[in-house]
2 protein chains.
Amino acid sequence: MVFDDIDRKLLSLLQSDSKQTNKALANQLNLSVTAVYERIRKLEKNGIVKNYVALVDKSKVQKDFVAFCHIKLVQHSQEYVVKFEREVNLLNEVLECYHLSGDYDYLLKVLVKDMSSFREFMVEKLTKIDHIGSTHSMFMINEVKHTTAIAL
Amino acid sequence: MVFDDIDRKLLSLLQSDSKQTNKALANQLNLSVTAVYERIRKLEKNGIVKNYVALVDKSKVQKDFVAFCHIKLVQHSQEYVVKFEREVNLLNEVLECYHLSGDYDYLLKVLVKDMSSFREFMVEKLTKIDHIGSTHSMFMINEVKHTTAIAL
DNA sequence: ACTGAAAGGAGGGTTTA
DNA sequence: TAAACCCTCCTTTCAGT
């Protein structure tokens, strides 16, 4: 799909606030309501807009201890990798997991209540997954920036 | 603010799909539409729900090269830290930035088009920020998991 | 804090220009 | 594309429990 500057601006608006009415969007884009409606439909249909979500303030729900865990597997056979990735997907403390280049295989972003919850997570959940060789964790001191909006 | 199991379920529903109507939410929660409406208002008013956003599929907009950059500052004076954090906030390629414990000071999640865009980002933007001592970058091979939903 | 009803407004689609 | 118009359904308010 090809998108122009108006689509880009529209995506930027929707990424910052998806509860705006089509009328409000139309004003900012100098378009008619119908034109905005059609463009949004197209973006959704093409899977460019995946979905709409509410963002929750983690500090307000006692989940503001963020840890980044580097993980190395003992082996890299297909079987081990698939199993590890499936298990990680089931852990709700893990918000993000990336297979990475470099010294370690994976980077996990883990969200829990506090250090003791993190300890529990490591002992009871993460290290219970087979084939984990070594881990190295770093803790967030402060969140400097966090956005879900992709600049186009 | 105190929240009960219904609020938790409501937050979970809104975090997975914020475009659901209050009626649909009411059905899932066995509540009336008004009761759902009031609960959502309370969650918004208390800042628990920060905002509502559209999530864009990065692979569909040619932005699927993800890099994690560890950064060490040459000094840690208040002035350097503040300036660095302000500059980083202005870089739209940086989706996330955390001040971390450990060997490096900061971890940045950077989103660009490809390796050559990343090179450009490093040379033209990131390393133009003063006081950066050393950097160490890792590249995403595969995204195993990525959610914005906080489990409650 | 919940329900149900009722008003106002936005979504979703069609037609005309 | 844009604008006018429609009907439907959702949001929001209000009275009552």
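Each chain gets a letter, A, B and so on, in the order its sequence line appears, and its residues count up from 1.
Phosphate contact (OP1/OP2 of C/dG11, side-chain N/O of B/Lys19, threshold under 4.0 Å): absent. A/Arg39 has a side-chain polar atom (N or O) that falls below the 4.0 Å cut-off from OP1 or OP2 of D/dT1. OP1 or OP2 of D/dT13 has at least one side-chain nitrogen or oxygen of B/Tyr37 nearer than 4.0 Å. Close to D/dT11, at under 4.0 Å from its OP1 or OP2, lies no side-chain N or O of B/Arg41.
At whole-Å resolution of the value, CG in A/Asn27 and P in D/dA2 are 13 Å apart. Note: CD (B/Gln20) to C1' (D/dC9) measures 16 Å, nearest angstrom. Following rounding to the nearest Å, B/Asn22 (CG) and D/dT11 (P) show an atom-to-atom distance of 4 Å. Atoms CG (A/Leu25) and C1' (C/dA10) sit 12 Å apart, rounded to a whole Å. For the pair B/Asn30 CG and C/dC2 C1', the computed distance is 13 Å after rounding to whole Å. Note: CG (A/Leu10) to C1' (D/dT1) measures 16 Å, nearest angstrom. As a whole-Å value, the separation of A/Glu38 CD from C/dG12 C1' is 10 Å. The OH atom of B/Tyr52 sits 12 Å away from the C1' atom of D/dT11 (whole-angstrom rounding).
When each of C/dG11, C/dA1, D/dT11 is scored by its nearest atom to the side-chain atoms of A/Thr21, the top-ranked nucleotide is C/dG11. Of the candidates D/dA4, C/dA5, D/dA2, C/dA5 carries the atom nearest the B/Thr34 side chain, counting heavy atoms from C-beta on.
In this structure, A/Asn46 contributes its side chain and A/Ile48 its backbone to no donor-acceptor pair below 3.5 Å.
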Take A/Phe68 and B/Tyr98, measure what ring-ring contact (aromatic ring centres under 6.0 Å, His included) needs, and give me the verdict at the end. CA-CA 10 Å; A/Phe68 291 91; B/Tyr98 302 95; 5.0 Å; yes
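In this structure the side chain of B/Leu108 never reaches within 4.5 angstrom of the side chain of A/Val144, judged on heavy atoms.
Ring geometry for A/Phe139 against A/Phe65 counts as tilted: the plane angle lies between 30° and 60°, on a 0 to 90° scale.
With respect to A/Lys42 and A/Glu38, no salt bridge is recorded, no charged nitrogen being found less than 4.0 Å from a carboxylate O.
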